[in-house]
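Structure record follows, encoded as structure tokens.
Chain identifiers are assigned alphabetically (A, B, ...) following the order of the sequence lines, protein sequences preceding nucleic acid strands; residue numbering begins at 1 within each chain. It should be emphasised that the depicted structure is a prediction, and the values quoted were computed from it without experimental measurement.
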There are 2 protein chains.
Amino acid sequence: MGDSKIRNMEEFAAKSGVSRPTVSKYFNDPGSVRPATRTRIEEALKQYDYRPNIYAINQNRRLTKTIGIVVPYLADPFFAEIARNLENRCLDAGFSPSLFSSHGRPELENDILDNLRSMRPAGVLLAPLGRASDKTTLEKFCADIPTVLFDSNIDGIGSAFIGMDNGQSITMLVDYLHRTGEPPCFFEIRNAANPNANKRRIAYLNAMAQFRLRPQVISVDGAGWDFEDTGYGEGKKVIAAKTFATNTVLCSNDRLAIGLLSAAFELGISVGHDPANAMRIAGHDDHPFARFTCPPLTTVAQDYAAISDRSVETLFTMIDGGETPKTRSETLFDGTLVMRASA
Amino acid sequence: MGDSKIRNMEEFAAKSGVSRPTVSKYFNDPGSVRPATRTRIEEALKQYDYRPNIYAINQNRRLTKTIGIVVPYLADPFFAEIARNLENRCLDAGFSPSLFSSHGRPELENDILDNLRSMRPAGVLLAPLGRASDKTTLEKFCADIPTVLFDSNIDGIGSAFIGMDNGQSITMLVDYLHRTGEPPCFFEIRNAANPNANKRRIAYLNAMAQFRLRPQVISVDGAGWDFEDTGYGEGKKVIAAKTFATNTVLCSNDRLAIGLLSAAFELGISVGHDPANAMRIAGHDDHPFARFTCPPLTTVAQDYAAISDRSVETLFTMIDGGETPKTRSETLFDGTLVMRASA
DNA sequence: CTAAAATATTTGCGCGCGTAAAGTTTTTAT
DNA sequence: ATAAAAACTTTACGCGCGCAAATATTTTAG
């Protein structure tokens, strides 16, 4: 363990019997020094636990080894889970991830990006708030820092977008629901901030048209990120008013579905795939808790791992390549149908 | 907006017609310079959006304005919510919070603390993994950096602990369940990492003794942080085996209860406070999703705001005071009974 | 209006490390 | 064994700012 305290790289270099520039080289890439030298440094490292001062390092490097990760709302387990995957992959690649949540607040998103810019990160993985985001700020930021967008696509922002194919997933879900019972109504939050919400409504309308079914979109008011609460409160009203044209409801996302399930339960309406039940409810995303609702939620699974992996890979190739690619790429992954008891 | 680019404080000072040291003083505390000078700086700030280099600042300051926040598992909405509160309070106080999740892995917790130490933060708010934590590392860390523990108490670690009074909360819950029906069995994960689990079991046993009731603790195996999964899988076995001595189950935490609710539902066992139901299930924590389970979960609410506020306050007084207090303080908040339909 | 107090400025050092150039030693290839 | 290549050492500068001391200016008090 540590004996006397080492104050800087100079002192440490003296202790290890290697010159300071070589020690510096070692810390930037241990493989870049001769094996014999490496051993000497690492021996010294065991004796005098020394770490280079990160602030001094970052001040002098043109680019840091930091990767910024920004999500719109970390208290949403979906983003928490994605963030966890992203963090792990960055760590594996030798970068230090720095995690930020906009907490649903556009001003905070701007502040975070401002802070991030002054951190001179190697790159940023950004899931923007969406409609609420300040596009000008986003645009400026992406011009300066290699940025990969994920989850929420905003046209023209960032050098790449990784997300899921809402058209594919919703069509599949509509198809399934239609084959197994009454065609679905679509339950969503009006003017939702997340751009996926829009795409899903449109995908629903297209799918229904394709299957020659009459669509019904129920848009309810709801602010903020308390989707369960909106699903519950507004769902109760809609169910009580018997607004749903069919017994099957496709929710814009799982959190809304969880709220709607809760509303149905309270009103004594049985939900389930079995025809004995009064209602069927399906969601979208395969939220971490969707397996544990009562009844368990039928939904479309997003491929968390694939989205995380591809986002990080895309960013790393951008970083390695040196410059931002000419053309903006969009990668969409297919969802997987998860048949559970609710629909 | 920004005209020509400012490279450093020297250039910016020239543009604003103020000397560099004064500008430096301004950025450390805008109120410490004369109003006239302040105006001149802020006028210049509007023209040439300049920000001091954080790395240069942090390298030269003895203490940074960073507050480290470390939670054991961010994908648990309980910690996500606490983290959100803590972040906001740090921001309000002019600090920059830096959020880390140990993701349930002790090595990662150690790495995070190592990184954090080299960041020379003004202070750290730490919710340790608990039993799995490397106590030696924690101890060393707390000796160097002002640290407030929250949620999980580890004897002697950190200068203060802020959490909830498991004795009070569990006693209240046992009392309530006993008054309104059969006395509760206690459902928990064997050898849980979190120290609260232990305290709750003991509190349960004490409470049952106090009310002269026969206790029954059911400890199931479960690794990791997938509490719902454990509650569901093991819960199904326990219910099927009719192990529970009474019809009332008090779960060690809400996430376990959510899993158990799911198990009961699958087995066709109706859960609810109403005597018509076959079973009653209660949880602990008032997890963000507890309101939306079917039936909604009766539980004890932790006072998120109080715990966050007090943790931050305690840390700030430590930071202001300069040195760590002689005596370690422990602050425990009472829980609030939340009566919902499940028990 | 003058002295005292408060605030600015000037000057200059230091933080810990990246990095480049020139010279030296070691390794690898022929 | 010798030349070429690779790795290392030495030397030196610069990054952008904190901070301290001495000096100059402005504000406030009497």
Whole Å only: how far is the [atom1] atom of [X] from the [atom2] atom of [N]?
{"X": "A/Asn58", "N": "D/dG14", "atom1": "CG", "atom2": "C1'", "value": "17 Å"}
{"X": "B/Leu63", "N": "D/dG18", "atom1": "CG", "atom2": "P", "value": "14 Å"}
{"X": "B/Asn28", "N": "D/dG16", "atom1": "CG", "atom2": "P", "value": "18 Å"}
{"X": "B/Asp29", "N": "D/dG18", "atom1": "CG", "atom2": "P", "value": "13 Å"}
{"X": "B/Lys25", "N": "C/dT10", "atom1": "NZ", "atom2": "C1'", "value": "15 Å"}
{"X": "A/Ile54", "N": "C/dG18", "atom1": "CD1", "atom2": "P", "value": "12 Å"}
{"X": "B/Asn60", "N": "D/dC15", "atom1": "CG", "atom2": "C1'", "value": "11 Å"}
{"X": "A/Met9", "N": "C/dT19", "atom1": "CE", "atom2": "C1'", "value": "12 Å"}

If only side-chain N and O atoms of [X] are considered, is one of them under 4.0 Å from the OP1 or OP2 phosphate oxygen of [N]?
{"X": "A/Thr22", "N": "D/dC8", "answer": "no"}
{"X": "B/Ser24", "N": "D/dC17", "answer": "no"}
{"X": "A/Tyr55", "N": "C/dG18", "answer": "no"}
{"X": "B/Ser19", "N": "C/dT10", "answer": "no"}

Does A/Arg20 reach a base, just sugar-phosphate, or nothing at all? Heavy atoms under 4.0 Å.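 Base contact.
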
Using a cut-off of 4.0 Å on non-hydrogen atoms, how would the nucleic acid contact of A/Tyr26 be classed: base, sugar-phosphate, or nothing?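 Answer is nothing: A/Tyr26 stays at 4.0 Å or more from every strand.
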
Pairwise side-chain contact, A/Tyr26 with A/Thr37, heavy-atom cut-off 4.5 Å (strictly under):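 No, every pair of side-chain atoms sits at 4.5 Å or beyond.
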
Check whether any side-chain heavy atom of A/Val33 lies under 4.5 Å from a side-chain heavy atom of A/Thr22, and answer yes or no.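 Yes. Closest side-chain heavy atoms under 4.5 Å.
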
Side chain of [X] - closest among [options]:
{"X": "A/Ile57", "options": "C/dC17, C/dT9, D/dC8", "value": "C/dC17"}
{"X": "A/Arg7", "options": "C/dG16, C/dG18, D/dA7", "value": "C/dG16"}
{"X": "B/Pro21", "options": "C/dG18, D/dC17, D/dA20", "value": "D/dA20"}

Hey, which sits more toward the 5' end of DNA chain D by its nearest nucleotide, A/Arg38 or B/Pro52?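 Checking each residue's closest nucleotide, the 5'-ward one belongs to A/Arg38.
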
Determine yes or no for a side-chain-to-main-chain donor-acceptor pair under 3.5 angstrom, with A/Ser101 supplying the side chain and A/Leu74 the backbone.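 Yes; judged by distance alone, with no hydrogens or angles, the pair exists.
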
Quick one: sort the B/Trp225 and B/Tyr73 rings into parallel, tilted or perpendicular, breaks at 30° and 60°.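 Because their plane-to-plane angle is under 30°, the rings of B/Trp225 and B/Tyr73 count as parallel.
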
Do A/Asp134 and A/Thr137 get their side chains close enough for a donor-acceptor pair, meaning under 3.5 Å?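 The answer is yes; a qualifying pair exists.
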
